[in-house]
Amino acid sequence: MSATKPVRAPKDEGLATVRVVTETLRLVTDKRLELYNLTEKVADVVKRHDIKDGMVLLSSLHTTVALFVNEWQSALLQDIKSMLDKVVSPADGWKHNDPQFSDCDRQNAHSHLQAALLGHALSFQVAKGKLVLGQFQAIIAAELDGPRHRDLAVQIIGT
């Protein structure tokens with residue numbers, strides 16, 4: 001059994017101050033169902049605030065915008081959109097679309113359900129001033145009920 005011992009910095013080395021940075025990214029979407037690559041936008045927030053090491057938390061502030069990580073490749077992106085509409089079809093008879101059960105007039109039940117499958121929040125490490133992502137990983141926002149103006153909360157905790 002091994003134990004981890006705390007390591008103290010030498011007396012002449014100052015302790016780094018942890019900072020918390022919060023921003024809102026605005027995304028203006030132009031289609032009902034569309035995917036947007038946010039990788040550079042999130043990386044720019046990290047760079048602008050000069051965060052060297054820490055964590056980025058990214059959250060959708062909407063129930064019909066999802067966030068996920070995948071490869072940004074055109075054929076795959078088309079496959080993702082097709083899969084979403086096949087798994088949760090806009091043509092199905094969802095209760096959220098039925099005035100007998102819901103006061104929503106947007107007919108967007110499928111958008112809520114698709115978002116529930118993909119998720120609304122992501123977290124990433126920051127190391128040496130850069131987002132830690134795999135070679136083919138991209139941060140992707142899925143607009144599922146557009147076009148609209150969308151807000152995404154970005155919070156960075158780091159040094």
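We count residues from 1, following the sequence as given.
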Fill in: Pairing residues for Phe101 by the side-chain contact (heavy atoms from CB on, under 4.5 Å) criterion, not counting sequence neighbours
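So Phe101 forms a side-chain contact (heavy atoms from CB on, under 4.5 Å) with Lys95, Asp98.
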State, yes or no, whether a side-chain contact exists between [X] and [Y] at a heavy-atom distance under 4.5 Å.
X      : Y      : answer
Ile80  : Leu84  : yes
Asn70  : Leu77  : no
Ile51  : Arg19  : yes
Phe124 : Ile139 : yes
Val56  : Val45  : no
Arg32  : Pro90  : yes
Leu38  : Leu67  : yes
Ile156 : Val46  : yes

Worksheet entry | Gln137 CD to Ile140 CD1 distance, which is reported to the nearest 0.5 Å |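 With rounding to 0.5 Å, CD (Gln137) is 10.0 Å from CD1 (Ile140).
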Discussion item. Using 0.5 Å steps for rounding, measure from the NE2 atom of His112 to the CG atom of Asn108.
Written reply: 3.5 Å
Discussion item. Apply side chain to side chain contact (heavy atoms under 4.5 Å, CB included) to residues Leu58 and Val42 and explain how you reach the verdict.
Written reply: CA-CA 8 Å; Leu58 179 65; Val42 176; 4.1 Å; yes
Among side-chain atoms of [X] and [Y], is any donor-acceptor pair under 3.5 angstrom?
X     : Y      : value
Thr64 : Arg150 : yes
His62 : Asp151 : no
Glu34 : Thr29  : no
Glu23 : His49  : yes
Asp53 : Gln125 : no

Worksheet item: Charged N to carboxylate O under 4.0 angstrom, Asp50 versus Lys52?
Response: yes
So if you build clusters from Ile, Leu, Val, Met, Phe, Trp, Tyr with side-chain heavy-atom gaps below 4.5 Å, do [X] and [Y] land together?
X      : Y      : result
Leu57  : Val18  : yes
Leu118 : Tyr36  : no
Phe68  : Leu27  : no
Leu144 : Trp94  : yes
Met55  : Leu122 : no

Where do [X] and [Y] come nearest, in terms of heavy atoms and distance?
X      : Y      : value
Gln107 : His110 : O-CE1, 3.6 Å
Cys104 : Ser102 : N-OG, 3.1 Å
Ala115 : Ala66  : CA-CB, 4.0 Å

Worksheet entry | Asn97 vs Asp105, side chain to side chain contact (heavy atoms under 4.5 Å, CB included): CA-CA, chis, key distance, verdict | CA-CA 7 Å; Asn97 295 341; Asp105 60 357; over 6 Å; no
Discussion item. Counting only heavy atoms from other residues, nucleotides and ligands, does the tally under 6.0 Å from NZ of Lys41 exceed 12?
Written reply: no
Does any N or O in the side chain of [X] come within less than 3.5 Å of the main-chain N or O of [Y], such that one atom is a donor and the other an acceptor?
X      : Y      : answer
Thr22  : Gln155 : no
Gln114 : Val88  : yes
Glu71  : Gln73  : no
Arg106 : Asp145 : yes

Worksheet item: Please walk me through it: do Glu143 and Leu33 pass side chain to side chain contact (heavy atoms under 4.5 Å, CB included)?
Response: CA-CA 5 Å; Glu143 169 61 81; Leu33 173 60; over 6 Å; no
Practice prompt. Could you please spell out the steps behind the side chain to side chain contact (heavy atoms under 4.5 Å, CB included) verdict for Thr159 and Thr17?
Written response: CA-CA 6 Å; Thr159 56; Thr17 302; over 6 Å; no
